[in-house]
Amino acid sequence: MKKLLFLFSILTAQLFAQYDSLNVSYRSVLPYPGHTCANICGYVDTTGREYALVGVDNGMTVVDVTNPANPVPVYQVLWPVNNGNSEWKEIKVYKKHAYVVSEAGGGVQISDLSKLPAATMPTVTYWKPIIGGQTLSSVHALHIDTTKGNIYLYGSNVGNKGAIIGSLANPAVPVYLGRFNNTYVHDGYVDNDTLYACEIYGGYVEVINCTNKTSPQVLATVQTPLQFTHNSWPSPDKKTLFTTDEQPYSSLTSYDISNLANITLLDTIKGLSTGSIVHNTHIRKDLFAVTSWYRDGFTIVDCSRPNNLIRVGYYDMYPDSGNGFNGTWGVYPFLPSGTIICSNIEDGLYVFTPTYIKACYLEGNVIDSISLANLQNVTTKIMGNTNSNTFTDISGNYATGCAGAGTYNVQFSKAGYQTKIISNVVLTNGVLTTLNTKLVPLGSGVASLQNNQTFFTVGSTLFENKTNLSYYLSNAEANGSVIKVYDYSGNIVFEKKLESLSGEITLGDDWATGVYLVTLNACKPVRVVKSK
């Protein structure tokens, strides 16, 4: 029997255009002439050699990627001819066996990989149990609960196309155990009998207890932002869940699931280009999310602070951007060497070497300089980093960051307020920098600085050339404090001990139009209002 059933050819890096990238090095590409690629998985044999298991329209190919610069095709397992070719192929590995499913029908294809690194063709069998009077044939996706040794099949031809559960106690001969048949399940992740089921047409993830395989119980439901839930993956500690919506303008989304009775959305992060479509995310144990984005290639996101997702790496190998189901189908980031393998629908297998770096985290709070109220929807920007733009939440809190350490200017802006830039903010990889600030309302003539200092402008709408200043002390502790007014050169032009919490101060008639600084020695903010 021939090792290869269709022509492979390896093109050097020089023959392929190099697209935009960050902290990812291109190593090689293996094209599949006349064929399209689907999802991808990885495998390591007993000698430590690493392989890409590539889903192709007519089957699965096994490629040795131990040397990332020189991928070597080993063999191909064709899909049964009588079932025809299908663009969809999904692959998972458990105990030296590869499990392949397809929407073309044929059930679950099982290939024994134990003969690797030899190029001898594997023993291939098929699992097609009869469930509720129907023979299992087409399957959209699958996942394996490696903790319990069970296989989960999604989007099949059986029943409501929910989740079918089988035992892999004998990896070569699965045994049907039960199913979750409430509704269509498109994809999912399962560990230790807990299924995170992606119910794409309902637009939500359900967390399901599958301890009883014949009667799984729904524990919680969470709707995803674009209500087209494609893929999910929990953090290693199962306190955070990450999801994708396979729609234009989609995002990778994180949720706090530590309390299933109160699941809360933490953060979202979009792709590299406007309108791009996310596909599948994978969460590594070191808390990096590696995600395929169709026309945007794949991204690496530091998710160690799930309320602050920051992109720290990517490789975009598709010439166009935005909306479209072209480019990267799948990415696999779990090979021991760190090598990332990626299936490009049109171009074949790509191999990369990533550099995983923790982000520089910048977080803080923004308030109104006069009322001290938290400010929502303040645009926060690390200048020179277009991907760092974010907004404060209802509590005035923001969370952002960048991949590269350095000294930056940080800009805060909001309609109705003076834009503020804080210079020389030092950001360090893996370190949280906290930066709180205050914004000054436009037309108030008042600005807020560090150490509770306050600016106001004479001759503006604040005073309208009046000579009296009305004041209000926000805290009784400020009673008896001294208010001092400085001109722009730092000279004291007015000083008075305050003997009440509110009142008017006569400023005199010789105040020039300009900027003045008001300080309160008790370090309590003074609210300056228009004189009557």
Side-chain angles (χ1 to χ4, degrees), residues 39 41 83 86 88-95 97-110 125-224 228-234 238 241 243 246 257 260 280:
N39 218 342
C41 193
N83 291 108
S86 170
W88 281 268
K89 294 290 185 305
E90 297 282 328
I91 306 169
K92 292 294 184 290
V93 172
Y94 181 70
K95 291 188 175 180
H97 289 76
Y99 302 85
V100 187
V101 296
S102 173
E103 292 196 350
V108 181
Q109 184 186 71
I110 306 169
T125 57
Y126 293 86
W127 184 47
K128 296 184 282 187
I130 298 174
I131 304 169
Q134 294 177 281
T135 300
L136 178 68
S137 180
S138 64
V139 181
H140 180 78
L142 77 160
H143 195 262
I144 295 174
D145 181 352
T146 56
T147 303
K148 295 292 186 176
N150 296 320
I151 188 170
Y152 286 69
L153 309 175
Y154 311 115
S156 72
N157 63 296
V158 175
N160 289 328
K161 303 182 178 182
I164 293 172
I165 310 169
S167 169
L168 297 179
N170 180 348
V173 185
V175 175
Y176 172 71
L177 297 177
R179 56 176 168 159
F180 175 76
N181 196 42
N182 293 15
T183 187
Y184 176 83
V185 176
H186 190 75
D187 202 344
Y189 180 100
V190 60
D191 180 62
N192 198 26
D193 287 331
T194 301
L195 167 63
Y196 304 87
C198 301
E199 298 170 12
I200 192 167
Y201 300 124
Y204 49 82
V205 174
E206 286 194 314
V207 182
I208 303 170
N209 182 349
C210 295
T211 302
N212 183 344
K213 306 299 183 291
T214 61
S215 183
Q217 299 298 309
V218 176
L219 302 177
T221 302
V222 57
Q223 191 171 73
T224 53
F228 205 71
T229 316
H230 180 270
N231 153 256
S232 64
W233 204 289
K238 306 302 186 293
L241 184 66
T243 67
E246 194 182 23
I257 60 169
L260 290 180
N280 293 322

**Report entry** side-chain hydrogen bond (donor to acceptor under 3.5 Å, both in side chains) between Ser215 and Gln217, intermediate numbers included
**Finding:** CA-CA 6 Å; Ser215 183; Gln217 299 298 309; 3.0 Å; yes

Query raised in the report: With respect to His230, which candidate in Thr224, Asn280, Thr243 satisfies the side-chain hydrogen bond (donor to acceptor under 3.5 Å, both in side chains) definition?
Result: Asn280

Report summary line: Sorted by chain and residue number, the salt bridge (Lys or Arg N to Asp or Glu O under 4.0 Å) partners of Lys95 (sequence neighbours excluded) come out as none

Report summary line: d(Tyr152 OH, Leu177 CG) to nearest 0.5 Å is 8.0 Å

Query - Polar side-chain atom of Tyr99 near backbone of Pro171 as donor-acceptor pair, under 3.5 Å - result: yes

**Report entry** Whether over 12 other heavy atoms sit under 6.0 Å from Lys128 NZ
**Finding:** no

Query raised in the report: Can you tell if the side chain of Arg179 reaches within under 4.5 Å of the side chain of Val158, non-hydrogen atoms only?
Result: yes

Query raised in the report: In terms of side-chain heavy atoms, does Asn160 have a donor or acceptor partner in Thr183 at a distance below 3.5 Å?
Result: no

Report task. Measure from the side-chain N and O atoms of Thr229 to the backbone N and O of Gly203, and report whether any donor-acceptor pair falls under 3.5 Å. Result -> yes

Query raised in the report: Nearest 0.5 Å, what's the NE2-NZ distance between His186 and Lys161?
Result: 11.5 Å

Query raised in the report: Is there a side-chain contact between Ile110 and Pro174, using heavy atoms and a 4.5 Å cut-off?
Result: yes

Requested in this report: Taking all non-hydrogen atoms of both residues into account, name the closest pair between Asn157 and Ser137 and its distance.
Outcome: OD1-N, 2.8 Å

Query raised in the report: Can you name the nearest heavy-atom pair linking Ser232 to Val205, along with the distance?
Result: CB-CG2, 4.4 Å

Requested in this report: Report yes if the side chains of Leu136 and Ile164 come closer than 4.5 Å at any heavy-atom pair, otherwise no.
Outcome: yes

Requested in this report: Kindly indicate whether the side chain of Ile200, heavy atoms from C-beta on, has any atom under 4.5 Å from the side chain of Glu246.
Outcome: yes

Report task. Using atom types as modelled and distance alone, determine if a side-chain donor or acceptor of Trp127 lies under 3.5 Å from a backbone N or O of Val108. Result -> no

Query raised in the report: Minimum heavy-atom separation for Val185 to Ala197, with atom names?
Result: CG1-CB, 3.9 Å

Query raised in the report: Does any N or O in the side chain of Asp145 come within less than 3.5 Å of the main-chain N or O of Asn192, such that one atom is a donor and the other an acceptor?
Result: yes

Report task. Measure the shortest side-chain to side-chain distance between Cys210 and Phe180 over non-hydrogen atoms and say whether it is less than 4.5 angstrom. Result -> no

Query raised in the report: Hey, what do you get for NZ (Lys238) to CG (Leu260), rounding to the nearest 0.5 Å?
Result: 12.5 Å

Report task. Kindly determine whether Glu206 and Thr221 satisfy side-chain hydrogen bond (donor to acceptor under 3.5 Å, both in side chains), including the steps that lead there. Result -> CA-CA 4 Å; Glu206 286 194 314; Thr221 302; 3.3 Å; yes

Query raised in the report: Between Asn39 and Lys89, does a side-chain contact (heavy atoms from CB on, under 4.5 Å) hold up when you go through it step by step?
Result: CA-CA 6 Å; Asn39 218 342; Lys89 294 290 185 305; over 6 Å; no

Query raised in the report: With sequence neighbours excluded, what pairs up with Lys213 under the salt bridge (Lys or Arg N to Asp or Glu O under 4.0 Å) test?
Result: Asp193

Requested in this report: Go through the steps to decide whether Tyr176 and Ile151 satisfy the test side-chain contact (heavy atoms from CB on, under 4.5 Å), and finish with yes or no.
Outcome: CA-CA 9 Å; Tyr176 172 71; Ile151 188 170; over 6 Å; no

Report task. Could you walk me through whether Ile144 and Leu168 pass side-chain contact (heavy atoms from CB on, under 4.5 Å), step by step? Result -> CA-CA 9 Å; Ile144 295 174; Leu168 297 179; 4.1 Å; yes

Query raised in the report: Hey, are Asp187 and His140 close enough side-chain-wise for a donor-acceptor pair under 3.5 Å?
Result: no

Query raised in the report: Hey, does the side chain of Ser102 reach the backbone of Trp88 with a donor-acceptor pair shorter than 3.5 angstrom?
Result: yes

Query - Any donor-acceptor pair under 3.5 Å from Asn209 side chain to Thr211 backbone - result: yes

Report summary line: To the nearest 0.5 Å, atom CG of Leu219 lies from atom CD1 of Ile208 at 8.0 Å

Report summary line: CD (Glu199) and OH (Tyr204) are apart, to the nearest 0.5 Å, by 4.5 Å

Report task. Hey, could you give me the OH/CG distance between Tyr196 and Asn231, rounded to the nearest 0.5 Å? Result -> 13.5 Å

